[in-house]
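Since the structure comes first, as structure tokens, the remarks are kept for the end.
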There are 2 protein chains.
Amino acid sequence: MNDGPISRAAIAKSTGLSKQTVSEIVGGLEDAGWVRETGRTSGHVGRSAVNYEIVPEAAYIAAVDLGGTKVRAVIADLACSIHGERVEPTDPKGGVAVAEQIARLCRQVAEDESIPLDKLALAVVGAPGVPETETGSIQMSPNIGGIDTIDFAGAIRTSLGVDVVLENDVNLAVLGENWLGLGQGASNLAFIALGTGIGGGLILNGELIRGAANSAGELGFLPFGADPFEAESKKAGALERVVATVGMKNRYRELSGDAVEVPEIFDRAEQGDQNALTVLDETAKYLARAVCAVCAVANPEKVILGGSIGERSELVERVRALLPAGFSRPITVERSALGHSASLIGAAAIGLTQLRNALFGAEAPAGTIALPSGRTVNLSEAAQ
Amino acid sequence: MNDGPISRAAIAKSTGLSKQTVSEIVGGLEDAGWVRETGRTSGHVGRSAVNYEIVPEAAYIAAVDLGGTKVRAVIADLACSIHGERVEPTDPKGGVAVAEQIARLCRQVAEDESIPLDKLALAVVGAPGVPETETGSIQMSPNIGGIDTIDFAGAIRTSLGVDVVLENDVNLAVLGENWLGLGQGASNLAFIALGTGIGGGLILNGELIRGAANSAGELGFLPFGADPFEAESKKAGALERVVATVGMKNRYRELSGDAVEVPEIFDRAEQGDQNALTVLDETAKYLARAVCAVCAVANPEKVILGGSIGERSELVERVRALLPAGFSRPITVERSALGHSASLIGAAAIGLTQLRNALFGAEAPAGTIALPSGRTVNLSEAAQ
DNA sequence: TCTATTAGTTCGGTAAGGGAACGAATTAAT
DNA sequence: ATTAATTCGTTCCCTTACCGAACTAATAGA
């Protein structure tokens, strides 16, 4: 379904439904307040047509990106436009305190934008880790305390009064890129996020892949980098040990003796520091191998790199240069277009898809997005 | 849908359809000859019910397993029973000759079993390599000559006169294991076949994963084993170079000086040959890493090992022993229950699913199987 | 003003299925 | 043997979702 003013005749043409069926459906939606008239066509031969548009303020969803350091919340309307935004440092108390912080942020954004809370249909919360649907908790999320032992989704739900969906942030990122980023139209897409850790999000056959235990895309456990059968690798993941923040810092200290943060390593590399360049080269090599692994297993059309480290063009270019040597078929690698907003946009994608499927007929299976891509400019603009 | 004699009332209960709807549908199928009455229930309180069963001989599909050395063809009826089997060495002329061989084998099996050819609805052909839907050819299949440049599917189709579906053999194997093997009920399942090469088949979200270019599961290109960015790895695949038949033979020759075949290596290992044991240990380690890689990316519920090398319990046990050291969550690894028949059974699964969906309503998306698992004993028996 | 063209409605019809009532057949209890 | 309880299967009518054809309405351009 495409958005924007559209006449019933045009809907009939594009959907293949007959004119009177479309008239009936549109009539129903109009009576229910979901769509409204918005002027008429003119200019071409023949009778002018009445145009309809979705009533943006008919329903809203909240999209939340919960990170180890920051929480970010926005509200999106039915027409897929963003309204307002709030960012705060993540409450260090963790657990219920974070749940309440998220609920409060959503309420505040709604108030900022004069959106009545009862029009809020759903909140989608993205976070690092493995959300457990049964318990409502989030496992394996070391940077946010106490959310692995409580019904985190339930706590937000109780405080905010709307349904809550939890999803892994990298999974959301791949949905975001699929909707508004560089993966548009791809039904087989991978997103690899490299930052504090390394994680992957996968869309295959047009659907988000979560795996049997919601832990598909745990690329940190790819069996190379460090020795995969060593005790330390069992905890941290063989690849994650060497390729993510800690691994890069360690490696640079090994080479240079300096204990510096990752952005500093990038800066020094730019200034020609040989040790920093070595670290980047090595990291790129590992990242390239991770890309190869994902392609060997899943064969996506495109791999998008993101995360605070993975989105650095220094790395993306190095990876691009390495890949032709390692794989028989060419692999398309892109730098994330949405940056750190990919997850937030993905959260909006899930929420809006669910909402719109409920209204306009649920043709799409869960984990698939079918949203208009044209008019959602302000979401893309919100990206950076 | 479950098979076996079943009353209309029971169908109504299990499908949720109303009784009269079921009566209408069953009536239609009976008129068309797809189902028939088969006695009545008795024993419990209440009126006795008329039972219906599928008419097995109403339609058939052919399942073909095309390998580098042998072609195997069977025919399955609508009730999922196997009828007849023929095996032949693969025609070394390759190309059209093989297509005609397959068509002839199918005709012969049909004749053996007095099955009229016009009841044959479909032939599903599994082969190593990457089938191209657009051209009907099979790419990357070095052991069977000339099938990458012709319309192989079309050639079979022309000669046999029925629709032909080509599918990768490992993809079929995972479908086979999902239907009648050790992966029953799993909607996230992986099959890794290790033999001449190494390949993986993946079912995620209940659907077969083919990837963007039909080459998901090309595990030979996993970036470890040999140096992944070396020229040789680009052709053969870094992992395939060291883990499959040729790699094992080379490694054993390196260690011992003897150029022997793989089964001989296994025999010598059993007799305590230290070099042979080393080769097995190393191969197991690589295989375990491949399992880890698949689990890190796709997180299947279970990984099934097969192929002439991968199905050896010596390897399966070694892999099982290694895995707990390499992965945070336990990974379930099984030895293929269906052995070299997994692909054939998968081919039957695809064919029968397609056939039955066409008849009984196509609720299931492509790449999903929804077949009865109980009564298909003779297919499982045909396995070894 | 007339005409081609496009928009939208009215009217009837079809396919898939549901709900309720009811007759038919069967076992179990009296 | 009769009756009650239970289950099977049908009949009748309803709803939902859709389509096709004919028709009316509006508009640009000749």
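It should be emphasised that the depicted structure is a prediction, and the values quoted were computed from it without experimental measurement. Side chains included, hydrogens not; waters and symmetry mates left out as well; all remaining heavy atoms used.
The side chain of A:R40 sits closest to D:dT27 out of C:dG17, C:dT9, D:dT27. Between D:dC18, D:dA21, C:dG18, one nucleotide has an atom nearer to the side chain of B:L17 than all others, and that is C:dG18.
How far OH of A:Y52 is from CD of A:E37: 4.5 Å, rounded to the nearest 0.5 Å.
A heavy-atom distance below 4.5 Å is found between the side chains of B:L160 and B:R107. No side-chain heavy atom of A:L78 sits less than 4.5 Å from a side-chain heavy atom of A:V55. Looking at heavy atoms from C-beta onward, B:I11 lies out of side-chain contact with B:I25 at the 4.5 angstrom threshold. With a 4.5 Å cut-off on side-chain heavy atoms, A:N205 and B:N205 do not count as touching.
Rounded to an integer number of Å, the gap from CD of B:E37 to P of D:dG9 is 9 Å. The distance between atom CD1 of B:I6 and atom C1' of D:dG9, rounded to the nearest whole Å, is 15 Å. In this entry the distance linking CG of B:N51 with C1' of C:dT26 reads 15 Å, nearest Å. Residue A:I11 contributes atom CD1, which lies 13 Å from atom C1' of C:dG8 at whole-angstrom precision. Whole-Å rounding puts the A:I25 CD1 to C:dT9 C1' distance at 16 Å.
Between A:S23 and C:dT9 there is a side-chain polar atom (N or O) within less than 4.0 angstrom of OP1 or OP2. Listed pair A:T21 / D:dC18 fails the phosphate criterion, with no side-chain N or O lying under 4.0 Å from OP1 or OP2.
Each salt bridge (charged side-chain N to carboxylate O under 4.0 Å, His left out) pair with one or both residues in residues 23-35 of chain B, not counting sequence neighbours, would appear here, but there are none.
For B:Q20 and D:dG9, a side-chain-to-base donor-acceptor distance below 3.5 Å is absent, hydrogens and geometry of angles not being considered.
In this structure, B:G16 reaches the sugar-phosphate backbone alone: every heavy-atom distance under 4.0 Å involves primed, P, OP1 or OP2 atoms, never a base.
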Grab the N/O contacts between the protein and nucleotides 5-7 of chain C below 3.5 Å, and write none if there aren't any.
| residue | atom | partner | partner atom | Å |
| --- | --- | --- | --- | --- |
| C:dT6 | O2 | A:R47 | N | 3.0 |
| C:dA7 | N3 | A:R47 | NH1 | 2.8 |

